[in-house]
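The structure appears below as structure tokens.
Note that the numbering runs from 1 along the sequence shown for the chain. These numbers were taken from a predicted model, which means no experiment stands behind them. Whatever order the structure lists them in is the order used to number ligands and atoms, beginning at 1.
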Amino acid sequence: MNLNALFLFLLGLVMGSFCHAFALALQQKESIFIRRSFCSHCQQPLHWKDLIPLISWLRLRGRCRYCHQKLSIRYPLSELILALLFFQSALQFGIGWKLIPILLVLCILVIIAWIDYDTMLIYDRFVLALACCGGILIMYSSQSLFSHLFGAVAVSGPLFLLAWITQGIGYGDVKLMAAAGLLLGWPNILLAMLIASFAGSLVALHQLLIQKKSGKEKIPLGPFLALGIIFALFWGEPMLSWYIHCFI
Ligand SMILES: [Zn+2]
């Protein structure tokens, strides 16, 4: 058993809970440090034993202790996602200084995804924080500085034109892909965009065909971009070397 990975899993559970609460508190312009968690149905403040990441939700079978209404799946989902990503980070990157900016990137992306999902907004401060982490991670990268700088504009440049001409996507998405491009470099940022587009198209198709929506509803891109960026961060380089190995 890899104890470091286990520790990171537990840390991820806690950070997942924190990031979700932070995203909600920011939207409601509250401080996370004074904000009390309460049931959204009966408004009953939650006890500390109802707030243990994942465990409380499982123990209460996803229902409020007081009014027995269903609790949002978002809490355990956020906790589990970050726990698994932290776990994978420990396994893949090992314990070292590099791990800190990687964990920060994951937290920032989860916060961006939740806020964009709720409000269709991507806050500049998180994009800036992502770019800073990207700048730090360049020091540990096997790619050249040029590939990271090119990555910053390779996808965000065409996206900017698309946003300008069609108004179909937000400038927040453009800025997010610029920061992610700096972080991932070229061609990983292209992989991130392809995965985001593929996942976004699947959801749009599902809405159109299964949920019978009109197709005019706006879908927040942030969660899909975050998914693509995370995938490329972990598996971009292995995929690229596999691709080169197979075809060249
Ligand atoms: Zn309740």
Residues in side chain to side chain donor-acceptor pair (under 3.5 Å) contact with S144, at least two apart in sequence or another chain: none

Hydrophobic cluster membership, Y140 vs W235, 4.5 Å side-chain cutoff: yes

Geometric class of the W186/F150 ring pair [parallel <30°, tilted 30-60°, perpendicular >60°]: perpendicular

Cluster check W48, M15: I/L/V/M/F/W/Y, side chain < 4.5 angstrom: no

Near the Zn ion (ligand 1) (under 2.8 Å) - protein N, O or S atoms: C39 SG, C42 SG, C64 SG, C67 SG

Centroid-centroid distance, F234 to F93, less than 6.0 Å: yes

Single-linkage hydrophobic cluster L26~I122, side-chain heavy atoms < 4.5 angstrom: yes

